[in-house]
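Here the structure comes first, spelled out in structure tokens, and everything after it is commentary.
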Amino acid sequence: MRYLFLYSELADYFLACLHALVETTPNTECLVLHWPVNPEAPFDLHSVNNVTFQSVAPKLSSTDVAALVRDFSPDCVFVSGWIDRRYLRICRQLQLQCPVVCAIDTWWRGDLRQRLATTAGRPMFRKSFSHAWVAGINQYELACRLGFERQQIQTGLYCADVARFHQAIELRDAANGQLLKSDSAIAEPASGSIDADKKMVAGEHRPTKQKKLLYVGRLVVQKQILEFARLFGDLKPEQRNGWKLVIRGAGDLSTEFVSSEHLDVGGFVQPSELPTLAASADAYVLPSKYEPWGVTIHEFAAAGLPILCSRQCGAATAFVQDGYNGFTFDALDEQAMRSKLLELLSLGDERLTRMGQRSYELSLQNTPELWAAKLLELAMREL
């Protein structure tokens with residue numbers, strides 16, 4: 001099978017899916033055209049066997065881009081969206097020769113503007129794409145409105161590198177085992193010290209691990225992390241209950257954050273370093289005003305963390321059940337966000353651990369291997 005991928009911004013988790021595709025399907029070759037790497041997410045993209053990557057500069061014409069794929073003869077085309085007219089031209093040329101799959105992560109909102117847009121855009125979609133691959137239930141409705149039949153729609157578009165984030169659970173378990181050893185060493189009282197024995201039973205000298213609420217992502221207005229950090233900072237010390245907010249990322253708002261005793265701010269973290277970061281955290285937060293999906297929710301669920309996120313995050317529909325493995329809130333309701341934050345901060349270790357286990361279980365709904373199987377199924381469907 002020969003797959004042509006027409007991508008805008010590449011992400012590291014997509015590479016894990018590509019790796020699963022070539023590993024699970026014999027004689028697979030992939031050609032990936034993509035835009036230059038986004039400076040707000042400077043991933044260190046590594047190579048994948050049987051996959052050729054080609055950066056497509058904005059200055060290249062439609063003819064130049066088409067020339068890059070002329071001799072490839074794909075059996076299936078996947079396009080990450082419909083904003084690049086050069087990609088659309090390729091799709092229209094190949095649509096009658098092989099399955100051409102359009103990725104859809106936009107929600108169906110049902111407002112007048114979207115109703116008009118779907119009606120006007122339906123002819124273009126039907127001329128350019130044979131199938132739709134949607135992120136979740138909110139996007140499924142949009143695909144139907146664009147004229148795709150239900151048998152032409154696949155779900156599970158975005159998938160985390162779950163194996164990588166499962167490493168965080170192993171690292172956390174190892175660290176907790178070491179902490180227990182440290183505790184037992186501390187628990188040895190001085191010989192003949194009855195007072196020391198009483199203090200140890202009371203737990204006065206047992207070290208208390210500071211809890212960390214983690215955010216990883218772009219530091220931009222849409223993510224609403226600046227407002228969330230201010231809300232967190234305005235809490236009284238007893239309300240924070242020993243928690244610290246840890247923020248890692250890059251973006252336009254980078255200079256707006258100032259580290260303090262309750263706020264730890266750092267720059268962009270390469271994906272390979274995220275399991276270690278996740279292992280040191282106790283929960284993950286994504287308070288976005290609008291997030292078509294939000295793969296980080298899947299990633300940190302796979303890391304075994306409780307999730308606090310807005311209901312405006314598409315991935316919440318699949319990986320967060322309010323009160324079960326985390327909490328959700330309306331991003332436009334600051335009081336609701338504060339209330340759910342306080343509920344999380346008040347949880348004891350046992351319930352946090354139980355929620356983290358549930359997150360891990362929910363993360364298994366989609367894996368790179370399942371993603372690869374779904375793409376193969378799309379490639380084999382009739383036009």
Side-chain angles (χ1 to χ4, degrees), residues 40 105-111 113-114 136-138 210-266 281-301 305-348 351-352 355-356 359:
E40 289 184 354
D105 65 6
T106 303
W107 290 33
W108 170 251
R109 300 183 301 276
D111 55 45
R113 180 178 179 182
Q114 198 171 50
I137 57 174
N138 293 326
Q210 183 181 49
K211 291 184 174 62
K212 297 178 181 178
L213 178 57
L214 176 65
Y215 168 84
V216 176
R218 292 182 296 135
L219 305 182
V220 294
V221 172
Q222 172 188 324
K223 303 289 186 176
Q224 200 173 213
I225 186 59
L226 181 59
E227 292 89 340
F228 184 85
R230 289 170 176 167
L231 186 153
F232 187 89
D234 288 341
L235 296 178
K236 298 177 182 178
E238 59 268 26
Q239 291 175 314
R240 285 196 293 272
N241 197 28
W243 284 74
K244 172 178 280 194
L245 178 60
V246 178
I247 296 175
R248 295 291 182 270
D252 297 339
L253 301 179
S254 298
T255 58
E256 299 293 326
F257 296 88
V258 179
S259 293
S260 65
E261 61 180 1
H262 58 266
L263 179 61
D264 177 2
V265 183
D282 298 275
Y284 181 73
V285 61
L286 186 60
S288 301
K289 295 177 181 178
Y290 173 66
E291 192 79 42
W293 192 243
V295 176
T296 59
I297 290 177
H298 188 188
E299 291 173 336
F300 289 98
L305 293 179
I307 307 295
L308 174 67
C309 70
S310 68
R311 289 193 290 273
Q312 282 79 356
C313 297
T317 61
F319 302 111
V320 188
Q321 295 295 320
D322 191 72
Y324 179 74
N325 71 309
F327 301 99
T328 61
F329 55 85
D330 182 351
L332 305 180
D333 186 341
E334 183 176 325
Q335 185 56 43
M337 181 164 61
R338 184 178 186 276
S339 176
K340 292 296 185 177
L341 170 61
L342 289 173
E343 192 168 356
L344 172 70
L345 301 183
S346 68
L347 295 181
R351 190 167 178 207
L352 285 170
M355 280 189 163
S359 285

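Numbers here are sequence positions counted from 1.
In this structure, K244 does not pair ionically with E261, as no charged nitrogen and carboxylate oxygen lie closer than 4.0 Å. Looking at D322 and R311, no side-chain N of the basic residue comes within less than 4.0 Å of a carboxylate O on the acidic one, giving no salt bridge.
In terms of heavy atoms, E291 sits closest to S288 at OE1-OG, 2.6 Å. The shortest heavy-atom contact between L214 and Y284 is O-CD1, 3.0 Å. Contact between A316 and C309 at its shortest, heavy atoms only, is CB-SG, 3.7 Å. Annotation for T106 and Q114: closest pair CG2-NE2, 4.0 Å, computed over non-hydrogen atoms. Of all non-hydrogen atoms in C313 and W107, the two that sit nearest each other are C-CZ2, 3.9 Å. Heavy-atom minimum distance, G294 versus L286: CA-CD2, 4.4 Å.
For the pair I225/L253, no side-chain contact is recorded, criterion being any heavy-atom separation below 4.5 Å from C-beta on. Taking 4.5 Å as the limit, every side-chain heavy atom of R109 sits out of range of all side-chain heavy atoms of N138. Side-chain contact between L308 and F228 is present, with at least one heavy-atom pair separated by less than 4.5 Å. For the pair F329 and P287, the minimum side-chain heavy-atom distance is below 4.5 Å. No side-chain heavy atom of D252 sits less than 4.5 Å from a side-chain heavy atom of R218. Between F257 and L245, every side-chain heavy-atom pair lies at or beyond the 4.5 Å cut-off. The side-chain heavy atoms of Q312 and Q224, taken from C-beta on, include no pair separated by under 4.5 Å. L263 is listed as a side-chain neighbour of I247, based on a closest heavy-atom distance under 4.5 Å.
Between the side chain of N325 and the backbone N or O of F319, at least one donor-acceptor pair lies under 3.5 Å. Between the side chain of N241 and the backbone N or O of L345 there is at least one donor-acceptor pair closer than 3.5 Å. Between the R240 side chain and the G233 main chain, a donor and an acceptor come within less than 3.5 Å of each other.
The number of heavy-atom neighbours closer than 6.0 Å to NZ of K212, taken from other residues, nucleotides and ligands shown, is 12 or below. Residue E334 qualifies as open at atom CD: its count of foreign heavy atoms under 6.0 Å is 12 or below.
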Go through V285 and L344 one step at a time and tell me if the side-chain contact (heavy atoms from CB on, under 4.5 Å) criterion holds.
CA-CA 10 Å; V285 61; L344 172 70; over 6 Å; no
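Between H262 and F232, the angle of the ring planes lies from 30° to 60°, which puts this pair in the tilted group.
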